[in-house]
A.B. asks: 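For reference, the structure I am asking about is given below.
Residue indices begin at 1 and follow the sequence shown. In this text the structure is predicted, and so the values were computed from the model without any measurement.
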Amino acid sequence: MAYENGLTHFDPSGQAIMVDVSGKQETSRTAIASGRIHVNKAVYEAIEQGTAKKGDVLGTARIAGIMAAKNTSSVIPLCHPLPIAKCSVDFTMLPEESAVEARATVKVTGQTGVEMEALHSVSVALLTIYDMCKALDKGMEIQYIHLEKKTGGKSGTYIRPEETSKK
């Protein structure tokens, strides 16, 4: 229920609340989010060749992203705990940009969406890459974390307009 201010996480007096989803119908919901980390050439090569001193950077970041999706409600105060049905985290190496793109897909059958879980997953996956490579480059930059698509629920399907996406 949205109050007159249009926001669902505040009651009429402006107090933060957890949204009551008990009256909502369970539906299949999916969210896809992505983001990038820009690194120097040495870090890019270490990730690509699997030679980072801390080990398998992308494998560790994948697990961290999945764990993050599963634990979103313990980090973001007003998120509902959700029974995640699926979470995948995939990486694309972008040599021309010296960057790694992370993309998380999260699915649930429930009464509320999984956008925050997908966004949290991507954020933590990228932070994990930073953590594992910071000895080589403290100047890495995380950018463009955004929701690409969501399906299900009362509001239906959302697809991010292409003109707003970073190339």
Side-chain angles (χ1 to χ4, degrees), residues 1-39 57-92 99-134 138 140-167:
M1 170 180 188
Y3 295 100
E4 69 181 53
N5 61 13
L7 300 174
T8 58
H9 282 84
F10 297 95
D11 69 14
S13 65
Q15 299 296 310
I17 59 168
M18 186 174 198
V19 175
D20 181 0
V21 297
S22 62
K24 292 172 109 180
Q25 186 172 357
E26 282 196 355
T27 62
S28 177
R29 299 160 185 262
T30 301
I32 301 169
S34 66
R36 293 181 184 177
I37 185 166
H38 293 265
V39 301
V57 173
L58 298 183
T60 303
R62 179 175 289 110
I63 292 168
I66 292 167
M67 289 175 62
K70 292 168 48 176
N71 291 294
T72 300
S73 67
S74 66
V75 177
I76 300 176
L78 301 176
C79 282
H80 292 82
L82 298 176
I84 304 294
K86 177 186 191 246
C87 178
S88 62
V89 180
D90 299 300
F91 299 98
T92 302
V100 180
E101 181 177 74
R103 176 173 279 108
T105 302
V106 184
K107 295 182 179 184
V108 70
T109 299
Q111 295 169 297
T112 190
V114 290
E115 297 92 348
M116 294 310 298
E117 287 72 11
L119 290 161
H120 189 225
S121 175
V122 164
S123 299
V124 171
L126 294 171
L127 286 167
T128 300
I129 292 171
Y130 186 99
D131 180 53
M132 293 188 73
C133 298
K134 67 184 180 235
K138 289 180 180 37
M140 292 176 280
E141 190 171 317
I142 295 171
Q143 297 181 321
Y144 312 134
I145 296 171
H146 62 276
L147 181 67
E148 290 185 9
K149 181 178 181 180
K150 79 98 181 159
T151 62
K154 188 169 113 177
S155 65
T157 298
Y158 164 83
I159 298 173
R160 182 180 174 93
E162 194 158 324
E163 64 272 6
T164 63
S165 295
K166 298 294 176 185
K167 302 228 184 298

A.B. asks: Would you say the side-chain atoms of Arg62 pair up with the backbone N or O of Val89, donor to acceptor, closer than 3.5 Å?
C.D. replies: yes
A.B. asks: Out of curiosity, Leu127 CG to Met132 CE, how far, rounded to the nearest 0.5 Å?
C.D. replies: 13.5 Å
A.B. asks: Shortest non-hydrogen contact from Thr27 to Gly152?
C.D. replies: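 Looking at all heavy atoms of both residues, the closest pair is OG1-C, 4.2 Å.
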A.B. asks: Is there a side-chain contact between Val19 and His80, using heavy atoms and a 4.5 Å cut-off?
C.D. replies: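 The answer is yes; the side chains approach within 4.5 Å.
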A.B. asks: Check whether any side-chain N or O of Gln111 sits under 3.5 Å from a backbone N or O of Lys24 as a donor-acceptor pair, and report yes or no.
C.D. replies: yes
A.B. asks: Taking the side chain as every heavy atom from C-beta outward, state whether Leu58 and Ile129 have any atom pair closer than 4.5 Å.
C.D. replies: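 Leu58 reaches Ile129 side chain to side chain.
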A.B. asks: Drop me the distance from Asp90's CG to Arg103's CZ, to the nearest 0.5 angstrom.
C.D. replies: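 Asp90 CG to Arg103 CZ: 8.5 Å, rounded to 0.5 Å.
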A.B. asks: Using a 3.5 Å distance criterion without hydrogens, assess whether the side chain of Lys70 forms a donor-acceptor pair with backbone atoms of Gly65.
C.D. replies: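 Not a single qualifying donor-acceptor pair exists.
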A.B. asks: Where do Val114 and Val106 come nearest, in terms of heavy atoms and distance?
C.D. replies: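 Closest pair (atom of Val114, atom of Val106, distance): CG2-O, 3.3 Å.
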A.B. asks: For Lys107 and Thr109, indicate whether the former's side chain and the latter's backbone hold a donor-acceptor pair under 3.5 Å.
C.D. replies: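 The answer is no, because no donor-acceptor pair under 3.5 Å joins these two groups.
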A.B. asks: Please collect all side chain to side chain donor-acceptor pair (under 3.5 Å) contacts where either partner lies in residues 116-132, sequence neighbours excluded, each pair once.
C.D. replies: Thr72-His120, Asp131-Lys134
A.B. asks: From His146 NE2 over to Ile32 CD1, what is the distance, rounded to the nearest 0.5 angstrom?
C.D. replies: 10.5 Å
A.B. asks: With the side chain counted from C-beta on, respond yes when Cys133 and Val39 share a heavy-atom pair under 4.5 Å apart, and no when they do not.
C.D. replies: no
A.B. asks: Which pair of non-hydrogen atoms, one from Gly113 and one from Arg29, has the smallest distance, and what is that distance?
C.D. replies: N-NH1, 3.5 Å
A.B. asks: Could you check whether any side-chain heavy atom of His38 comes within less than 4.5 Å of a side-chain heavy atom of Gln143, counting everything from C-beta outward?
C.D. replies: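 SC-SC contact between His38 and Gln143 confirmed.
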A.B. asks: What is the distance from atom CE of Met18 to atom CG of Leu78, rounded to the nearest 0.5 Å?
C.D. replies: 7.5 Å
A.B. asks: Minimum heavy-atom separation for Val100 to Leu126, with atom names?
C.D. replies: O-CD2, 4.1 Å
A.B. asks: Answer yes or no: is there a side-chain heavy-atom contact under 4.5 Å between Arg160 and Leu147?
C.D. replies: no
A.B. asks: Between Arg36 and Glu101, does at least one N-O distance fall below 4.0 Å, as a salt bridge requires?
C.D. replies: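 Salt bridge flag = yes for Glu101 with Arg36.
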A.B. asks: Would a 4.5 Å heavy-atom cut-off, applied to side chains only, mark Thr30 and Thr105 as touching?
C.D. replies: yes
